[in-house]
Q: 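So that we are looking at the same thing, I have put the structure below in structure tokens.
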Amino acid sequence: QVQLVQSGAVVKKTGASVKVSCKVSGYTITDYYMHWVRQAPGQGLEWMGRINPKNGDTDFGHKFQVGVTMTRDTSINTAYMELRKLRSDDTAVYYCARLNDYNAFDLWGQGTMVTVSS
Amino acid sequence: QSALTQPPSASGSPGQSVAISCTGTSNDVGGYNYVSWYQHHPGKAPKLIIFEVSNRPSGVPDRFSASKSGNTASLTVSGLQAEDEADYYCASYADSNIWVFGGGTTLTVL
């Protein structure tokens, strides 16, 4: 079954780091770019960045060029997104999403709720 | 990169049609045919309903249609049904390997 399964919800303190995983099933992770998108409470979807799983190259939205790392482990078909120096406004649901050959996000993870509190 | 502009809300009665706009710039919507639309029910993952401006993935009803003119893309939902009530987002490729989403539109079926 083709799916993306993300790690579970977490609560973190301000200033801490969080690493969210996205396990790929049903296809080989290197076949498609993986993107990360977040949704803060009451807000819309926000594109964070992407990783080319073939070589690890990344691109980030302007807001996420500092403090965000995207990596992958091709041996276990898993992508990761790490967010450092967490602030309260990083509280959001984080999604991984596959970009298909038609430049659309056709497969999404179930989302990971990250709550940042002091 | 600024978010694409969508109306915050839209509504229609069952059976009616409603259109949702998505306005960007020549650096995103107007510059590329990589506009897509997503239906998002709260608590679930977004669902792709339109890709490359006007194409529907398999399984998406033909009640959903979309187009683009200049820097503005539009999604039309015809024959509104109760299950169409959701948030709708547009997305576009922008310059320099950047992607951008619209602010989202909450569709209410009256």
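So you know, we letter chains A, B, ... as the sequences are listed, proteins then strands, and number each from 1. Atoms considered below: every heavy atom in the structure, side chains included; atoms not considered: hydrogens, waters and symmetry mates.
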Q: Heavy-atom distance under 4.5 Å to chain B: side chain of A/V93, backbone, both or neither?
A: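 A/V93 has no heavy atom closer than 4.5 Å to chain B.
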Q: Using a cut-off of under 4.5 Å on heavy-atom pairs, state which of A/L99, A/D59, A/L45, A/N100 scores highest against chain B.
A: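 The answer is A/L45.
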Q: Quick check on B/Y34: does its OH atom have over 12 non-hydrogen neighbours (other residues, nucleotides or ligands) under 6.0 Å away?
A: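 Not more than 12 within 6.0 Å, no.
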Q: Check whether B/P57 gets within reach of chain A through its side chain, its backbone, both or neither, counting any heavy atom under 4.5 Å.
A: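 Contact with chain A is absent: no heavy atom of B/P57 under 4.5 Å.
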Q: Checking heavy atoms, do the side chain of A/L107, its backbone, both or neither come under 4.5 Å from chain B?
A: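 Contact with chain B is absent: no heavy atom of A/L107 under 4.5 Å.
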Q: How many angstroms lie between CH2 in A/W108 and OH in B/Y38, if you round to the nearest 0.5 Å?
A: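 With rounding to 0.5 Å, CH2 (A/W108) is 6.0 Å from OH (B/Y38).
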Q: Rounded to the nearest 0.5 Å, what separates atom CZ in A/R38 from atom OH in A/Y95?
A: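 Reported to 0.5 Å precision, the distance equals 13.5 Å.
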Q: Would B/W99 and A/F105 count as a close aromatic pair, with their ring centres under 6.0 Å?
A: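 Yes, close enough.
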Q: Which bit of A/Q39 comes within less than 4.5 Å of chain B, counting heavy atoms only: side chain, backbone, both or neither?
A: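 When you check distances to chain B, only side chain atoms of A/Q39 fall under 4.5 Å.
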Q: Using heavy-atom distances under 4.5 Å, tell me whether A/Y102 contacts chain B through its side chain, its backbone, both, or neither.
A: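 Both backbone and side chain of A/Y102 come within 4.5 Å of chain B.
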Q: Against the six-membered ring of A/Y27, is A/R98 placed for a cation-pi contact (under 6.0 Å from the centre, within 45° of the normal)?
A: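 Yes, a cation-pi geometry.
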Q: Measure up the B/F101 and B/Y89 rings against each other and bin them: parallel (under 30°), tilted (30 to 60°), perpendicular (over 60°).
A: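 Because their plane-to-plane angle is over 60°, the rings of B/F101 and B/Y89 count as perpendicular.
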Q: Do B/W37 and B/F64 have ring centroids that are under 6.0 Å from one another?
A: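 Ring centres of B/W37 and B/F64 not closer than 6.0 Å.
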Q: What part of B/Y32 gets closer than 4.5 Å to chain A, counting heavy atoms only: side chain, backbone, both or neither?
A: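 Neither the backbone nor the side chain of B/Y32 comes within 4.5 Å of chain A.
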Q: Of the listed residues (A/H35, A/K63, A/Q43), which shares the most heavy-atom pairs with chain B below a 4.5 Å separation?
A: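 Of the options given, most contacts go to A/H35.
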Q: Is B/Y93 in contact with chain A via its backbone, its side chain, both, or neither, using a 4.5 Å heavy-atom distance?
A: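 Neither part, no heavy atoms under 4.5 Å.
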